[in-house]
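Below is one structure, written out as structure tokens; comments come after it.
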Number of protein chains: 4
Amino acid sequence: MTEREDLLVGEYPILPKQERAQQKRNALLESGRILFIEKGYEQTTAKEIAARAGVATGTFYRYFSDKRQLLMSLLEDKIDELLPPEPNWTTGNPELLLASLLESHMKRLNGMGLHRVLPELLHKDSELAEVLKEARKKIHSRILTGLKRAYDLGLTWKDLDLEKVAWSIMVLAESGNTEMGEHCKKEDFFGLAKVICRIVFPPDVLKKLLIENEE
Amino acid sequence: MTEREDLLVGEYPILPKQERAQQKRNALLESGRILFIEKGYEQTTAKEIAARAGVATGTFYRYFSDKRQLLMSLLEDKIDELLPPEPNWTTGNPELLLASLLESHMKRLNGMGLHRVLPELLHKDSELAEVLKEARKKIHSRILTGLKRAYDLGLTWKDLDLEKVAWSIMVLAESGNTEMGEHCKKEDFFGLAKVICRIVFPPDVLKKLLIENEE
Amino acid sequence: MTEREDLLVGEYPILPKQERAQQKRNALLESGRILFIEKGYEQTTAKEIAARAGVATGTFYRYFSDKRQLLMSLLEDKIDELLPPEPNWTTGNPELLLASLLESHMKRLNGMGLHRVLPELLHKDSELAEVLKEARKKIHSRILTGLKRAYDLGLTWKDLDLEKVAWSIMVLAESGNTEMGEHCKKEDFFGLAKVICRIVFPPDVLKKLLIENEE
Amino acid sequence: MTEREDLLVGEYPILPKQERAQQKRNALLESGRILFIEKGYEQTTAKEIAARAGVATGTFYRYFSDKRQLLMSLLEDKIDELLPPEPNWTTGNPELLLASLLESHMKRLNGMGLHRVLPELLHKDSELAEVLKEARKKIHSRILTGLKRAYDLGLTWKDLDLEKVAWSIMVLAESGNTEMGEHCKKEDFFGLAKVICRIVFPPDVLKKLLIENEE
DNA sequence: TATGAATGAGACTTCATTCAT
DNA sequence: TATGAATGAAGTCTCATTCAT
């Protein structure tokens, strides 16, 4: 539609319309994300989001039907990042492995920051609550699967309560994130990883695994 | 509650003014608490709180400067209930002991319910955030103290990272509450208690403690 | 609730709350009515209505859920005034009788003025459209009844199409109102009355009726 | 309509610029007309009109300064169709003649449909009100002329109030249109025509006219 | 003190109109 | 010229807070 046959030397980085729109949408998403994190969802207005994104109020409504939908879009974009990678307990040094998993998971979460906004929304938005519940279910089952595999290989405590332990790991991972906040250090992750390993593996198995993977 | 059907003889009201005022204040607090839990803090209006407490909107503002202050008062009243009792690991069956501690702590928390409202407030109210941070610090140090004692008695893993483990226990206890919600069963607490015990005690010590306390 | 035991000599015309509220409601209704007529429904804002009634915007919403409901209330209050009295053709000079009926009906309509606002609303408000349709049905059947009686007494043209004539009378009465507007004169009504009488009565009957009632 | 599938040989577009512009303008007018009728004037947005006409919002404003001007243009185009043909009472069967006049007039009005939109506009647009008033004046005088001719030929009631009767006929014709709406039947027009004839002609004259034209 | 009506700031949303492409 | 994204003024409505009774 837009004639572009004259973009001789690419001097102006004229972005095609769609791309510019996408940029604007992204600017709004980012602006919303930041404000939600900084001030909380309720305290953020559509007007502010637009202003911070450098557009007029009305423009906000071209891209999102309302604040809530912007948040939903944020989540859709990012929900996968909430999922930690499935840990493979049986290969490699489990403590180090876990520590690095925790660290990267947490880095991602913090980089996004949205998890801080979510609790405040569970009350008013049951759809969102559902989405998050599903996500947690996924996380839980992913952890559970890993545990099960280790259990079947006879690596774990014999009397491991898989469900409960999976839940504990999930909670510790989540909270580790929130709690330790910005000032997280390598040691913290490693410490947490050790706690988790102790929950899962008997000391002898653990020692064996550590030695095996030392080489 | 306030029977007054006998104020016929011009006696002074049975309840002195101050006490009646106190009752009203309490009604407002309770009304606020319930509504905050039911609908969330933001979604609750001063008018509603007043209505549910059976007083006029204006009366609300005689007792509280605003919604926030009401919440603060609620917390001041209840903050101590957030603190779990200091566990004594060295006396009695630690698993059962812990399970029952967890259960009663959770019952109290749920009975109050405010913890569900708090996350939504941390953004807008740094004073409140501070208050809660302090409370957690207290809880953490209380758990830490208990762990330290057990550690000094040589009951725990030798390489126990006291800080981290205290934190883990705190988190598990907190989350156990939120997560398991209404439908919590005895087994859940016991399962969680076992996980925590495994974090703290080596299996042989644990077995000894269990046997000792069986008699 | 409001102590009033001290209204000694009625010096201040302290109106009981309810009555003042009623006054305010009426002020809003009247303000709305006037503005709707002056500027049209769409062109009138809730804010304006409130301002003209001397109250704040929010007060408007204490009494009415929105503009539309205010209009509906106006109509409920006034809808009966839209109904013309049932004409009795057989008693008295029908021309004079009809002229005076038309005049008073029109005065009432004009005094209210709402009929000018209604057409603009039929598009967007089918409930209102229904209400008005019902009102017209009532008017039509009232006229029809009167005609029927005259017809049965053999006073009218033998081949009178009662339905159609009733409709014509209704339309002429309505339009007479709108059209002739402010500058209506006695003669206009009388002229219109004569037209209608000619539709209904053969000249000889009419003459007889006129003579009878001259005495 | 605009077949252009053959523009292969670099010929000039079959339609000169001006003509294409005219087409667009017409598309906009038609789109506006339809939407005004369907949804009402206020409820129709410029964007919608443009969309339905298959052009961009901005294009709307190239052809019309705003919605109002589009409506005015519509009226200018169509105002003549609002005028009924001048009835010739003295030739042919006046009842049938009138019935067919009414029918075709109404068909035209309904085909256009704009009359339903007009009432809502009289408030906000005095220029438009003026235009319509003029149109009605024309209609009235056209009817009046016809009546006058019949009167001068001695065909009508002797005491005919020409002005008033002309007005009544105009009103009945107009309303007939609106009221009877879509489901109008031949009989309705004929019935209305009879009413009007009775207003105008004494029965004997009417009978004579009918007989004369029967042959 | 208690009441609850009144206030008005401000959030949400729509849409006529402009303007860069 | 045509496009349709962008603008921002203006209307709707809510609610924390005040204040006359």
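The sequence lines fix the lettering, A, B, ..., with proteins before strands; numbering per chain opens at 1.
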Check: residues 58-68 of chain B side-chain donor-acceptor pairs under 3.5 Å, at least two apart:
unit_1   : atom_1 : unit_2    : atom_2 : d
Asp66(B) : OD1    : Arg68(B)  : N      : 3.3
Asp66(B) : OD1    : Gln69(B)  : N      : 3.0
Lys67(B) : NZ     : Tyr41(B)  : O      : 3.1
Lys67(B) : NZ     : Thr44(B)  : O      : 3.0
Arg68(B) : NE     : Asp125(B) : OD1    : 3.4
Arg68(B) : NE     : Asp125(B) : OD2    : 2.2
Arg68(B) : NH2    : Asp125(B) : OD1    : 2.9
Arg68(B) : NH2    : Asp125(B) : OD2    : 3.1
Arg68(B) : NH2    : Glu127(B) : OE1    : 2.7

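Scored by the side-chain contact (heavy atoms from CB on, under 4.5 Å) test, Ser31(C) finds Leu35(C), Ile49(C), Arg52(C), Ala53(C) as partners (sequence neighbours excluded). With sequence neighbours left out, the side-chain hydrogen bond (donor to acceptor under 3.5 Å, both in side chains) criterion links Thr57(C) to no other residue. Considering only residues two or more places apart in sequence or on other chains, Gln43(A) meets the side-chain contact (heavy atoms from CB on, under 4.5 Å) condition with Lys39(A), Glu120(A), Glu42(B), Lys124(B). Not counting sequence neighbours, the partners of Arg33(B) by the salt bridge (Lys or Arg N to Asp or Glu O under 4.0 Å) test are Glu30(B). Applying the salt bridge (Lys or Arg N to Asp or Glu O under 4.0 Å) criterion to Glu38(D), with sequence neighbours excluded, gives no partner residue. Every residue two or more places apart in sequence or in another chain was checked for a salt bridge (Lys or Arg N to Asp or Glu O under 4.0 Å) with Glu130(B), and none qualifies.
Positionally, the nearest nucleotide of DNA chain E for Lys24(B) lies more toward the 5' end than for the other of Gly58(A) and Lys24(B). Nearest-nucleotide positions on DNA chain F for Ala56(A) and Thr57(B) put Ala56(A) closer to the 5' end.
Leu28(A) and Leu70(A) make their closest contact through O-CD1, 3.7 Å (heavy atoms, listed as atom of the first residue, atom of the second, distance). Here the closest non-hydrogen pair linking Ala56(D) and Ala50(D) is O-CB, 3.6 Å.
For residues 60-71 of chain C, proximity to DNA chain E is found at Arg62(C), Tyr63(C), defined as any non-hydrogen atom under 4.0 angstrom from a strand atom. For DNA chain E, the neighbouring residues in residues 25-55 of chain B, judged by any heavy atom under 4.0 Å, are Val55(B).
With rounding to whole Å, Gln22(A) atom CD is found 18 Å from dG4(F) atom P.
The CG atom of Leu29(C) sits 5.0 Å away from atom CZ of Arg25(C), with the distance rounded to the nearest 0.5 Å.
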inquiry  = Let's test your reading of the pairing rules: Watson-Crick or G-U wobble, both distances under 3.5 Å, then write DNA chain E as a dot-bracket string with ( ), [ ], | and dots.
reply    = .||||||||||||||||||||
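A sub-4.0 Å separation between OP1 or OP2 of dT3(F) and a side-chain N or O of Thr59(D) is present.
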